[in-house]
Protein chains: 2
Amino acid sequence: MNENARPLRRNEIRAQNEALILQAAEMVFAEAGFGGATMQLIADMAGLPKANLHYYFATKEDLYRRVVQNIFEIWLHAADCFDAAPGPVEAIGAYVDAKMEISRRHLNGSKVWASEVMHGAPVIQDYLETTLRDWTAGRARLIQNWVDEGRMDPVNPRHLLYMLWATTQHYADFGHQIETLNDGQPLSDAEWLAAKESVKSIILKGIGAI
Amino acid sequence: MNENARPLRRNEIRAQNEALILQAAEMVFAEAGFGGATMQLIADMAGLPKANLHYYFATKEDLYRRVVQNIFEIWLHAADCFDAAPGPVEAIGAYVDAKMEISRRHLNGSKVWASEVMHGAPVIQDYLETTLRDWTAGRARLIQNWVDEGRMDPVNPRHLLYMLWATTQHYADFGHQIETLNDGQPLSDAEWLAAKESVKSIILKGIGAI
DNA sequence: CTTCACCTTGACCATACGGTCAGGAAAAGA
DNA sequence: TCTTTTCCTGACCGTATGGTCAAGGTGAAG
């Protein structure tokens, strides 16, 4: 797999192979689910012998856990723009943009994440109960402040967050359905833009922020 | 498959066992995914020997297909209220109500459906390309009419439909996450009502229908 | 009662899966 | 150079899975 003539250094080898395996695993887990995924398939996808996977990741669960944690990090990071913004319009607008971009750029990761939660979060339950719970509480308070300041309608902050998650995540998880309804064509750049704008405008108007 | 001349008692046995198996299968497929589900587990859940499952459903795929088709019927049926309504407010309001009820009453079915679509719709791709495509085109036209008549803002009908699907489906598929963020408690009747009203009011206001 | 189609199930089978391991190759360190 | 550490992998193993089957049970039609 290493076409460059230059021999790789130790830490380079490890980093490269782990990344290769994680990428292949993300794809296979997204397409087949945890139960349907096989180490052999991931190995083939990564172009490595199966035994080599077990050298870097002891078990299938370990590998899966790493994939889930990776996407969780990205998912949570999209929240940064939420804090930097001066008001609901900018915050929610930027958040929708960021999450739509995740749905588009990390399609497989998004699916793995959805699958994990859907099956009861067997490996990241603790994250949900700590990191995510804290994050959500903080953002709900922020939204409540905007409500109290009269900058938007008195909506339930949690249900608004769920709506943001749902609408943006949908374009990844149900991307296949959307593509089928789009005459089998993936959404074009323009259509992605239209989707983003549609989501943003309906929600922002819906909560009385514009 | 149905023989009309067959004595009633026999039919009852078959109907009862098929229903039992389908219910158990729906639960196991929802919790473990297609790949993670095992016939043995479904059999145990149904209180029948494994070989008996294979008497009624030749293969795991057959059983899975039946589960998916069942929920698809229910899912599509929720559209009825869409047509009977005189305008966007009533139609979308009733549709959200119906779909939220499905998320609540058919939680496992909803998850199986989501999982099926997420993994590329291996068994119901033809439904997506025929029944669903037709249904969507019809509803999109209806919405466009309302737009043309000035009864709502000029939103993209398809993205509005995706938003309706996403927001309602989310309460099933990500129900575990929502429950975790709700201090580990399932949503109460009041909270389900609040969720429904929240979704309806934000979307209806967001599209300028109220 | 006899017959016959339908239902039931323990035991069994081939396969594929996750995981292991011994031993060799290659880089790093001395 | 020689030694140590890390990396690589074909061959292998125990187990669990989807699926089969033959033998026996059961309701009801004739």
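Residue numbering restarts at 1 for every chain, and letters A, B, ... go by the order of the sequence lines.
A ring-centre distance under 6.0 Å is found for B:Trp113 and B:Phe72.
Sequence order on DNA chain C of the closest nucleotides to A:Ala37 and A:Ala51 puts A:Ala37 first from the 5' end.
Distances shorter than 4.0 Å separate some side-chain N or O of A:Tyr55 from OP1 or OP2 on D:dC7. At D:dC7, one or more side-chain N or O atoms of A:Arg14 fall inside 4.0 Å of OP1 or OP2 (strictly under the cut-off).
Using a 4.0 Å heavy-atom criterion, one finds that A:Phe57 contacts no nucleic acid atom at all.
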Practice task
Assess whether side chain to side chain donor-acceptor pair (under 3.5 Å) is satisfied between B:Gln125 and A:His176, documenting all intermediate values.
Solution key: CA-CA 10 Å; B:Gln125 179 62 25; A:His176 176 80; 2.5 Å; yes
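In this structure, B:Glu12 atom CD and C:dC7 atom P are separated by 12 Å, rounded to whole Å. Taking atom CZ of residue B:Phe34 and atom C1' of nucleotide D:dG18, one finds them 10 Å apart after rounding to whole Å. The interatomic distance linking A:Asn17 (CG) with C:dA27 (C1') rounds to 14 Å, in whole Å. Between the CD atom of A:Gln40 and the P atom of D:dA11 there is a distance of 13 Å, rounded to whole Å. One atom, CG of A:Asp62, and another, P of C:dG18, lie 14 Å apart when rounded to the nearest Å. In this entry the distance linking CE of A:Met39 with C1' of C:dC17 reads 11 Å, nearest Å. A:Lys50 places its NZ atom 10 Å from the C1' atom of D:dC12, with the value rounded to the nearest Å. B:Ile13 places its CD1 atom 6 Å from the P atom of C:dT8, with the value rounded to the nearest Å.
By the 30° and 60° cut-offs, the orientation of the rings of A:Phe29 relative to A:Tyr64 is perpendicular. Between B:Phe82 and B:Trp135, the ring planes are perpendicular. Angles over 60° get that label, and only those under 30° would be called parallel.
Distance from the side chain of A:Tyr56 is smallest for D:dC8 among the nucleotides D:dG19, C:dG18, D:dC8.
Taking only distance into account, the side chain of A:Lys60 never meets the base of C:dG19 through a donor-acceptor pair shorter than 3.5 Å.
Separation of atoms CD (B:Glu90) and CD1 (B:Ile92) is listed at 10.0 Å; rounding is to 0.5 Å.
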